[in-house]
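Since this is a predicted model, take the numbers as computed values, not measurements.
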Amino acid sequence: MTVADVKKRTFEIIEKGKDGDLASKIFDTFIIVLICVNVFSIFLDTFTIPGFHSAVFKWIETGSVAVFTLEYLLRVWTAPLLFPDKSKPVAVLKYIFSFMALIDLLAILPFYFPFFIKIDLRVLRALRLVRLFRLFKMNRYTNALGSVLAVMRNKSHELLSSIFVVFILMLISSVFMYTIESPVQPEVFQNGFSGLWWAVATFTTVGYGDIYPITVAGKILSMIMAVLGIALVAVPTGIISSGFIELNTRECDCDPKSYCPYCGKKLS
């Protein structure tokens, strides 16, 4: 087997698994499990845990970085096969500066920084949060995140329009609420930002309760904004839902008219 054959087979394995390619499927599953273990260990790292468990997490981190580093290097090595229409140097550079390659790099860099640069422990602790970028590596092995991004991209104009309308209404209501409430509770509604914080909590129906109106006019405005918020915040949800339906229809390559719009069953 030549070097070219080894490179081609390596490329087939590390790319998203095709039907019938057992080695590629095993690799994809292993990386997904490893990413999940890493995210879980990052979560557990926020707790005070015994020394033995802490040592286990360190071994998991070291092993994971070794695997992710090897994967990154193999992807750089096989980049010319990913971009066959480009020359080898251009293909490698194009891959290195691609979004997923940068995610791969960010997932491993914090581990190597202390070996080359003297870093304050507080800075190092903050850099370790970058390990959460490993979660985005799953985009290579599942269609879930890709589908979400495709819907967001296809419905970007409608989403931006609806979000802009909601933001304008929040801004207007925040100024109104500040004008009404600041004379009676100036320590609460100190400026327009306080009103905006109230508007966001009201529109999203979160209702933290730290800022609320006490005047009759303020309560009436709050009721109106709460009702409007339920309707307007639901608009982006509807747009995204329709986007998923359209995406699924295109993927299955079927005629939507041949299905019942109410129950979804195929019409005879």
Side-chain angles (χ1 to χ4, degrees), residues 1-42 58-117 119 123-124 126-154 156 243 247 250-251 253:
M1 184 178 287
T2 64
V3 175
D5 293 333
V6 173
K7 180 183 284 190
K8 183 180 178 182
R9 185 58 186 143
T10 303
F11 175 75
E12 291 171 349
I13 292 174
I14 64 178
E15 284 300 304
K16 190 175 178 181
K18 296 179 180 179
D19 294 335
D21 194 339
L22 182 61
S24 185
K25 289 289 186 182
I26 292 173
F27 176 80
D28 292 351
T29 304
F30 173 71
I31 293 295
I32 289 173
V33 171
L34 193 60
I35 291 169
C36 291
V37 170
N38 270 260
V39 173
F40 187 63
S41 68
I42 293 170
K58 286 182 180 178
W59 278 108
I60 291 174
E61 170 69 7
T62 304
S64 300
V65 170
V67 172
F68 292 146
T69 302
L70 179 61
E71 181 199 9
Y72 178 77
L73 294 175
L74 289 175
R75 290 187 181 279
V76 172
W77 182 50
T78 58
L81 296 177
L82 185 63
F83 306 105
D85 57 327
K86 307 289 183 184
S87 64
K88 186 176 179 180
V90 173
V92 170
L93 286 174
K94 186 173 181 179
Y95 172 74
I96 288 175
F97 290 101
S98 65
F99 174 75
M100 287 308 302
L102 292 174
I103 291 295
D104 290 342
L105 197 59
L106 285 172
I108 60 177
L109 274 183
F111 180 84
Y112 293 109
F113 273 144
F115 294 103
F116 303 101
I117 306 172
I119 301 177
V123 177
L124 182 60
L127 282 174
R128 291 176 68 186
L129 294 175
V130 179
R131 293 181 298 169
L132 288 171
F133 278 102
R134 291 172 190 173
L135 192 60
F136 289 100
K137 286 167 64 66
M138 279 195 183
N139 187 43
R140 276 205 183 96
Y141 313 102
T142 62
N143 293 323
L145 186 56
S147 298
V148 172
L149 293 176
V151 170
M152 299 288 280
R153 185 168 53 251
N154 295 335
S156 59
L247 182 65
R250 286 198 299 271
E251 287 180 350
D253 196 24

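Ionic pairing of Lys58 and Glu61 is not present here: no N-O contact between side-chain nitrogen and carboxylate oxygen is shorter than 4.0 angstrom.
Residues forming a side chain to side chain contact (heavy atoms under 4.5 Å, CB included) with Ile96 (at least two apart in sequence, or on another chain): Tyr72, Val76, Val92. When the side chain to side chain contact (heavy atoms under 4.5 Å, CB included) test is applied to Leu73, the partners found at least two apart in sequence or on another chain are Thr69. Under the side chain to side chain contact (heavy atoms under 4.5 Å, CB included) criterion, Phe40 pairs with Leu44, sequence neighbours left out. Looking at residues two or more places apart in sequence or on another chain, you find no side chain to side chain donor-acceptor pair (under 3.5 Å) involving Asp85. Take Ser87 and apply the side chain to side chain donor-acceptor pair (under 3.5 Å) test, not counting sequence neighbours, and it matches no residue. In this structure, the side chain to side chain contact (heavy atoms under 4.5 Å, CB included) partners of Lys94, at least two apart in sequence or on a different chain, are Phe83, Lys86.
Residues Phe68 and Asp104 form no side-chain contact, since every pair of their non-hydrogen atoms from C-beta on lies 4.5 Å or further apart. Between Phe30 and Val33 there is no side-chain heavy-atom pair separated by less than 4.5 Å. Looking at Met100 and Arg75, their side chains never come closer than 4.5 Å, going by heavy atoms from C-beta outward. Contact annotation: the side chain of Arg9 never approaches that of Thr78 to less than 4.5 Å [non-hydrogen atoms, C-beta and beyond]. Under the 4.5 Å side-chain criterion, counting only non-hydrogen atoms from C-beta, Val65 is in contact with Tyr112.
Atoms CG and OG, from Leu34 and Ser64 in turn, are 4.0 Å apart once rounded to the nearest 0.5 Å. To the nearest 0.5 Å, atom CZ of residue Phe97 and atom CG of residue Leu102 are 7.5 Å apart. To the nearest 0.5 Å, the span separating NZ on Lys8 from CG on Leu81 amounts to 8.5 Å. Annotation: the span from Ile60 atom CD1 to Asn38 atom CG amounts to 7.5 Å, rounded to 0.5 Å.
Looking at Thr2 and Asp5, their side chains do bring a donor and an acceptor atom within 3.5 Å of each other.
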Residue pair Ile31, Val67: steps toward the side-chain contact (heavy atoms from CB on, under 4.5 Å) verdict:
CA-CA 9 Å; Ile31 293 295; Val67 172; 4.0 Å; yes
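Each of Asp28, Leu22, Thr29 was compared with Ile26 under the side-chain contact (heavy atoms from CB on, under 4.5 Å) criterion, and only Leu22 meets it.
Nearest heavy atom pair, residue Phe27 against residue Ile14, reads CE2-CA, 3.6 Å. Nearest heavy atom pair, residue Lys88 against residue Pro80, reads CG-CG, 3.7 Å.
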